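Working notes for the structure below.
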Amino acid sequence: MVASFIMYFTIRGSAPAPFAYGESPMSNELKAFILAVLLVIVILPIPVQSAGTITVDLPNGGEAYQRARTRTITWSTTGSPGANVDIDLYKNGIFHSPIVSGTTNDGSYSWGLSPSLSPDVDYTVKITSSSDPLIFDYSDSPFAIGLDMLVFSGITWYVRDTNEVLVGPGPNYFSCSPENIWLDPSGQLHLNITNRNGNWYMAEVYSQESYGYGQYTFMTNGKYDYMDVNAVLGLFTYLDDNNEIDIEFSRWGWESGTNLGYACQPWASEGNVHAFHANLTSNYSTHSFSWHQNEIKYRSWNGHNYYPQAPGDVFQIWNYTGHDIPPESTERVHINFWLMGGLDPADGLEMGAVVTEFNFSEGTLAQQLQSRWPISNSTTPDEMRSPFGPRIQSGVGYDFHRAIDLPAPEGTPVVAILDGVIRIAGDHPSYSQPLVQVRHEYNGITFYAQYQHLSAVHVVEDQAVEAGDVLGESGVSPSGFAHLHFAIREEWVNKRNASHPLSFLPYADLGPPQLEANWQGDTLYVNVSVGNQELDFVQLDIFGNGVDFHLNFVELNHATEEPDDLDNDTMIIDGMEMTIIPESYSSGQPRDYWLQFRFANETGDLTIEAFDVLGQSTTTTVSSGPEPPQNIQVQLVPAGVFSDVQLTWDASIDDGSISEYVIYRSLDPAGPYLEIADVSADGSASYSYIDSGCGDGDINSYFYNVHTRESSGNESRRGEHVTKWVTHLNSGWNVFSVPVVTASNLREDVLASIDGKYSALQGYLFGEWEHWHSSKPPQLNDLINIDYKRGYYILMETDDYLVTCGEVIVNSQIELDEAWNLVGFPLNQPLSQGDAVNGLADPVMVYGFDSSAGRDILLEPADLMNPSQGYWIHSSVDQTWTVQ
């Protein structure tokens, strides 16, 4: 109306009459009046009736929308802005493109973002009434449009965006914004942790394809060994939380300690994580894992190369062969940068990470290498004899063989399996016969092929050779066996780094190992065999009922400081005592190769799995058999004579299905246990057996166990161990203890076998002495009971043997006063003083008693503490001593 009035006024006054200089057709008063009216009209506009307003709610600043995804645009209105609206996209404040025209004005629109939109952080939307262009609103602040996918290192990756929802890992917000993830002109992948509107946003990409078994290599650019303590840079494959292989830079909230780790999920399983402290020498480092069916090999080295340029470049190696290796599935490769526990950065600052390259190599290492055999010079396997692993060498003893033997007449040409450089050629002080060693490098792995027992050498050190080049001629070993000894050593050249050669050669696999397992008494027998042309057995796992045994020959060799220490047929691995009985296998006629494993003192239903080099496996289970008998007791009989040992027990709950009870006896609690008798199961509620002549007159300690046996021969595992324990006491004073749990703890019952042979007894507990003396009336003797946790002074009238019967003690907890304590030693085996009191608060003093000298003696840490002896221990505080 203001504009119309002015125009009308101008038209009406557009042709004034001519006037002379200084004259006016209007009076000054009229001019002043008209000017005042105009000013009032212009300054005070005339009110109009508004149609309504539009306000953009989303996106309204700080959001990140992913291309090729659908996101919701929302708005609110007042009044009546019209039935429809137009929505447009602006970039850097300039119109970019229409989003939709004439959509229903209902406050919401689903926007499918075009894949062709350029990623940027300066986008806004404008919403305008379709019926009144003067009614509109813009986003208050810019939002981002990010990538939905990108091409990095020649493969396609999806960009993760969680649309303002907290998710794991963390929980965190993951954003596709170009502030969080982008590629620079050289193709390097940048991942940033940023803060927008008070929230922290993370970055992650994952591969469009799944790759399966093979080698995964990541090259990083940055000193991620010292990034923020709450940040995590992850390089991994992922299917779900139990099928994941990780390389992760992180300090996990700690200022010092480890900063890089390898893991095979689930991480909480014992042995599934290898964390260490890395010191990167520059911004450039390379990290890889080679994933196969029964092994994952992790490697990290300085520099950006597919293999280390020098041995010193490698700063970490770890081979995982546990139970949780994921099978091939639809897992994807992931790269992410995030905050542990969803915590803010410790320094409050944004940060970035750069991954310069990713590479995948398909198949097993042997398939990747395309190697050839050293005798046939082809992919057809040479004849094999002695395998990698345990064997009987020439029938004289146990040997851990760190190679395979390939029979060949003396003078047979020996060729290089791959391109490489000669490291050793001819005689070497560490070997009795000429050899050739070749250094090979492939995709992050350095390894050495070693050819031994050569009769002639045709190469020189530092010479470059190609696959198939003749290195020399085979010879005869000192044992007289004409063959080539072929070994592979990874990363380093010593014996400890020997690996199974069939991991590097194209051998013809004939299927998984053959496997049998059965119980014989308390011993589990496991037999594994493989065919003559595929000596590829490499791993045995046993699990169930609390057992988690894992034996991998390569891993065992790597873990041993002195490889020759493996030349022992009995060892303890994962808490299981194992004896290996290998078949003699060297220059004899071709036949299957087998190993027998014997595991002592195990119980329960177990699953057993044997693996070959390719990860193929055979699984079998062994049942725990029938239930053992109940409530086994032992005592000396007959009363007053004690010449025999009597065992009693209640029937097994499986009594109706068993044929007999089998009695086993041993001179040592660890075995071996020999069957000495059996008692027919006749449906009775309880049973007994007398071991004649093994009581008081027999100075041996005996350990007993009773099994149930079915008619099929299947036996129960061990039940409760009981023992007849013998302690020698000298004439005069002794300090003794009773290392068994007796049926009665009354003094006269525990010491019945030496009744009348001792005249005095003294005990000390928490600062008070207790006494018994044969000359005192009973009411004056206050030492009533014998406790296996305590020590006692006893005055013997003559040399004799104390014989006690009871349950074998596995471990005990003894309360110690902040003072002197007279204690027992309730174990069945000696233990050094240092090991026995390990874990007690210092300082601790331990005194034993020399009965021959009649005096106390201070024990040094190396001195033994013996069962059935008593000891003085001075404790600096009240505490509990665990004896085990």
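All of these numbers come straight from a predicted model, not from anything done at the bench.
- A donor-acceptor pair is defined here as one N or O able to donate and one able to accept, closer than 3.5 Å; no such pair exists between the side chain of Asp86 and the backbone of Ser130.
- Between Trp338 and Pro171, the closest side-chain pair of non-hydrogen atoms is not below 4.5 Å.
- Remark: the backbone N or O of Phe315 is not paired with any side-chain donor or acceptor of Asn302 at under 3.5 angstrom.
- Between Tyr65 and Trp111, the ring-plane angle classifies as perpendicular under the 30° and 60° cut-offs.
- In terms of modelled atom types and a separation under 3.5 Å, the side chain of Ser210 and the main chain of Ser329 share a donor-acceptor contact.
- With respect to Lys91 and Asp122, no salt bridge is recorded, no charged nitrogen being found less than 4.0 Å from a carboxylate O.
- Judged by a 6.0 Å distance limit and a 45° cone about the ring axis, Lys126 is positioned over the six-membered ring of Phe136.
- Judged by distance alone, the side chain of Asn259 and the main-chain N or O of Tyr224 form no donor-acceptor pair under 3.5 Å.
- Ring geometry for His323 against His550 counts as perpendicular: the plane angle is over 60°, on a 0 to 90° scale with 30° as the lower cut.
- Side chains of Glu164 and Tyr201: a donor-acceptor N/O pair is present below 3.5 angstrom, by distance only.
- With rounding to the nearest 0.5 angstrom, the OG atom of Ser175 is 8.5 Å from the CD atom of Gln66.
- At a threshold of 4.5 Å between non-hydrogen side-chain atoms, the residues Asp137 and Trp75 do not count as touching.
- Residue pairs meeting the salt bridge (Lys or Arg N to Asp or Glu O under 4.0 Å) criterion with at least one member in residues 250-268, sequence neighbours excluded: Arg251-Glu255.
- In this structure, Asn105 contributes its side chain and Val85 its backbone to no donor-acceptor pair below 3.5 Å.
- Taken to the nearest 0.5 Å, the CD atom of Gln188 stands 9.5 Å off from the OG atom of Ser153.
- In this structure, Phe358 and Trp157 have perpendicular ring planes: the angle between them is above 60°, well past the 30° mark.
- Aromatic ring pairs are classed by plane angle as parallel below 30°, tilted from 30° to 60° and perpendicular above 60°; the pair His334 and Phe236 is parallel.
- Residues Asn243 and Asp240 bring a donor and an acceptor atom of their side chains to less than 3.5 Å of each other.
- Checking Asn272 against Asp324 by side-chain atom types alone, a donor-acceptor pair falls below 3.5 Å.
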>> Applying ring-ring contact (aromatic ring centres under 6.0 Å, His included) to His440 and Phe504, what does each step give before you reach the verdict?
In response: CA-CA 11 Å; His440 302 286; Phe504 297 77; 9.2 Å; no
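- Ring geometry for Tyr213 versus His292: interplanar angle of 30 to 60°, hence tilted.
- Side-chain atoms of Gln316 and Phe276, non-hydrogen and from C-beta on, do get closer than 4.5 Å to each other.
- Geometric assessment of Arg489 against the ring of Tyr448 yields a negative cation-pi assignment under the 6.0 Å and 45° thresholds.
- Residues Leu147 and Ile181 share a closest heavy-atom pair of CD1-O, 4.5 Å.
- Ring orientation note: the planes of Tyr211 and Phe360 are tilted relative to one another, at an angle of 30° to 60°.
- Just one residue in the list Tyr262, Phe249, Tyr298 forms a ring pair (Phe, Tyr, Trp, His ring centres under 6.0 Å) with His287, and that residue is Phe249.
- Ring geometry for Phe218 versus Phe289: interplanar angle of 30 to 60°, hence tilted.
- For the pair Leu418/Leu369, a side-chain contact is recorded, criterion being any heavy-atom separation below 4.5 Å from C-beta on.
- Between Glu63 and Arg71, no side-chain nitrogen of the basic residue sits less than 4.0 Å from a carboxylate oxygen of the acidic one, so the salt-bridge criterion is not met.
- With hydrogens and angles ignored, the 3.5 Å screen pairs a side-chain donor or acceptor of Ser129 with a backbone N or O of Pro81.
- No side-chain donor-acceptor contact under 3.5 Å links Glu248 to the backbone of Leu233.
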>> If you apply the rule salt bridge (charged side-chain N to carboxylate O under 4.0 Å, His left out), what do you find for Glu179 with Arg196, and how did you get there?
In response: CA-CA 10 Å; Glu179 292 181 328; Arg196 293 192 294 275; 2.9 Å; yes
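- Screening Pro119, Cys176, Ser114 against Arg67 for a side-chain contact (heavy atoms from CB on, under 4.5 Å) leaves a single residue, Pro119.
- Atoms OG1 and OH, on Thr124 and Tyr138 in that order, are 7.5 Å from each other to the nearest 0.5 Å.
- Using modelled atom types, one finds no donor on one side chain facing an acceptor on the other under 3.5 Å when comparing Tyr109 with Asp106.
- A donor-acceptor contact shorter than 3.5 Å links the side chain of Ser250 to the backbone of Ala231.
- Between the side chain of Arg332 and the main chain of Gln208, a donor-acceptor pair closer than 3.5 Å is present.
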